[in-house]
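Chain A is the first sequence line, chain B the second, and so forth, proteins listed ahead of strands; every chain is numbered from 1. Because the structure is a prediction, the values reported are computed rather than measured.
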2 protein chains.
Amino acid sequence: MSNTASNPSTPRAAAPPARARNRRSGSQLSPETIIEASLRIAARGSADAFTVRRLGEELGADPTAVYRHFRDKDDLLLEVADRTLGEVLDSIPEGLGWQDRIRALADGSLAVALKYPAVASAMASRTTRRANEFRVVELILGAVTEAGLTGAEAAVHYRMVGDSLLALVGQRAAYLLFSAEARAADEASWTREYRLVDPVAFPQITAVAEELAQVTQDGVYRARVEALITAIERRAAELAA
Amino acid sequence: MSNTASNPSTPRAAAPPARARNRRSGSQLSPETIIEASLRIAARGSADAFTVRRLGEELGADPTAVYRHFRDKDDLLLEVADRTLGEVLDSIPEGLGWQDRIRALADGSLAVALKYPAVASAMASRTTRRANEFRVVELILGAVTEAGLTGAEAAVHYRMVGDSLLALVGQRAAYLLFSAEARAADEASWTREYRLVDPVAFPQITAVAEELAQVTQDGVYRARVEALITAIERRAAELAA
DNA sequence: ACCTGAACACCGTTCAAGT
DNA sequence: ACCTGAACACCGTTCAAGT
């Protein structure tokens with residue numbers, strides 16, 4: 001499956017080049033059109049989906065035209081990532097208790113990360129410092145405050161939740177970007193290699209080899225999200241005592 | 001600060017090329033010498049420290065010679081990463097209770113990740129499927145079993161701990177690889193931007209802006225590690241009841 | 001059996017030249 | 001004021017040629 005073939009908006013047989021198709025006739029580029037094009041190519045989901053050259057193709061412009069509107073690719077990435085944070089925020093219902101708000105944030109973040117894996121993977125250790133990030137910080141702080149944490153305790157637990165969720169969905173996104181062979185090798189280790197270890201040297205692995213093979217990504221995800229909630233509950237209870 | 005200048009083993013003035021210096025006269029490359037050279041360059045800590053071309057320089061050989069001993073760079077990376085896991089395991093003392101074994105694993109992993117940031121950053125979403133990884137799995141499974149979890153519960157909580165620690169130290173390593181400007185921008189957001197938000201739109205941020213600026217990486221690290229331990233304790237208590 | 005080095009197909013980015 | 005396109009300094013990797 002080639003990249004162009006997997007792009008439904010670029011039929012292979014069409015004679016006129018992609019630039020003629022995508023270019024709004026006579027229109028100029030703008031930060032907005034560039035961000036939208038970035039989201040479209042990032043949503044294609046392959047590891048090399050989000051490159052400056054591919055962005056040029058999508059825009060029907062020379063790749064370097066992007067540098068007239070963004071300082072560099074990182075600047076654009078942060079802007080694009082902040083848009084995806086907007087999608088996450090829009091997916092969170094009103095009226096939930098603090099635990100369910102964190103669960104909804106986690107679920108929404110995962111869905112968006114799997115939709116734009118190249119962006120989520122690149123952002124796993126980053127911060128956008130843009131509008132929607134402030135809204136996410138406000139949301140998490142509201143949750144930990146409602147849980148009963150204040151001041152420095154609220155601050156450090158916000159960071160715990162924020163950094164952990166970023167890492168969690170970033171890992172899932174990165175996994176999606178791996179080649180099929182790499183994913184197969186990874187899965188095979190659980191279903192095959194871990195069942196064949198030396199039982200004397202590795203008694204613990206031997207004892208749960210079957211169960212290790214049956215762990216799902218969703219199960220791990222759930223455990224990691226609940227661990228954050230549990231930790232906040234425990235700390236709030238300690239402080240209340 | 002140029003890359004060559006920051007490499008203490010390659011004095012700039014020396015007339016004979018680096019290859020003459022590092023090459024053991026008449027010796028051939030081997031997987032072992034390549035892995036050791038990889039660890040040396042990864043320990044230099046810059047983002048581009050671990051490239052095939054730089055590895056060639058370090059070995060005093062043509063970069064492509066590496067492909068005679070490893071299928072590709074990823075294959076070498078997994079081998080190198082497994083060596084660093086060995087360093088982590090060697091750092092864990094005997095005779096600790098399960099909580100302290102997890103804390104020691106986390107501390108050791110962080111230290112090694114900060115020593116070889118390019119490796120830790122690349123491994124954040126990976127699995128080595130090699131000897132030392134089995135030992136780490138055995139260690140974590142031993143801890144969660146001692147905590148009182150069995151079967152599927154032990155398996156999923158092992159994955160929770162393993163994936164979380166990998167992500168945590170990977171994030172710290174990636175942060176170390178950022179350019180000085182990127183790190184400065186990141187830190188400035190906490191010490192400056194978060195103190196200037198609109199108090200009406202962002203009451204929670206306003207309330208703890210001071211404390212947010214004072215959160216340290218070590219504080220977040222501690223909270224994230226303790227959250228894992230707390231979650232295991234809680235689950236074990238639920239199952240015992 | 002292993003190493004070399006040219007070459008390929010990529011990256012992000014700069015800059016002089018166009019309009 | 002904005003876009004183009006050649007060019008630069010990188011990547012990982014392949015392959016024919018050397019020894």
Taken to the nearest whole Å, CG/A:Leu55 to P/D:dT4 is 12 Å
| said: Contact between B:Glu87 and B:Lys115 at the side-chain level, heavy atoms closer than 4.5 Å - yes or no? | reply: yes
Side-chain donor-acceptor pair present, B:Asp75, B:Tyr67, cut-off under 3.5 Å: no
Writing each nucleotide of DNA chain C 5' to 3' as (, ), [, ], | or . by Watson-Crick or G-U pairing under 3.5 Å yields ||.|||||...|||||.||
Which of B:Thr84, B:Val80, B:Leu85, B:Leu77 passes side chain to side chain contact (heavy atoms under 4.5 Å, CB included) with B:Met123? Answer is B:Leu77
Query raised in the report: Is the centre of the B:Tyr194 ring less than 6.0 Å from the centre of the A:Phe134 ring?
Result: yes
When rounded to whole Å, the CG to P distance for the pair A:Leu76 and C:dG12 reads 11 Å
Is a side-chain N or O of B:Arg183 found less than 3.5 angstrom from the main chain of B:Leu176, in a donor-acceptor match? yes
Between CG of A:Asp75 and P of C:dG12 the distance, given in whole Å, is 15 Å
Taking D:dG12, D:dC2, C:dC3 as options, the one with an atom nearest any side-chain atom of B:Thr51 is D:dG12
Sequence neighbours excluded, the answer for salt bridge (Lys or Arg N to Asp or Glu O under 4.0 Å) partners of A:Arg68 is none
Here the distance between atom C1' of D:dA1 and atom CD of A:Gln28, to the nearest Å, is 8 Å
Within the distance-only criterion (no hydrogens, no angle test), does the side chain of B:Arg172 pair as donor or acceptor with the backbone N or O of B:Leu168 below 3.5 angstrom?
no
Separation of C:dT4 atom P from B:His69 atom NE2, nearest Å, is 11 Å
Rounded to whole Å, the CG-P distance (A:Leu29 to D:dA1) equals 17 Å
- Query: Under the side-chain hydrogen bond (donor to acceptor under 3.5 Å, both in side chains) criterion, do B:Arg224 and B:Gln171 qualify, and how do the steps go?
  - Reply: CA-CA 12 Å; B:Arg224 289 173 72 176; B:Gln171 278 180 321; 2.7 Å; yes
Taken to the nearest whole Å, CZ/A:Arg54 to C1'/C:dG12 is 14 Å
Under 3.5 Å, which protein N or O atoms sit close to an N or O of nucleotides 13-15 of chain C? Give each pair with its distance.
unit_1: C:dT13; atom_1: OP2; unit_2: A:Tyr67; atom_2: OH; d: 2.6
unit_1: C:dT13; atom_1: OP2; unit_2: A:Lys73; atom_2: N; d: 2.9
unit_1: C:dT13; atom_1: O5'; unit_2: A:Tyr67; atom_2: OH; d: 3.2

Exercise for review: For the residue pair A:Trp190 and B:Arg159, establish whether any side-chain heavy-atom pair is separated by less than 4.5 Å.
Suggested key: yes
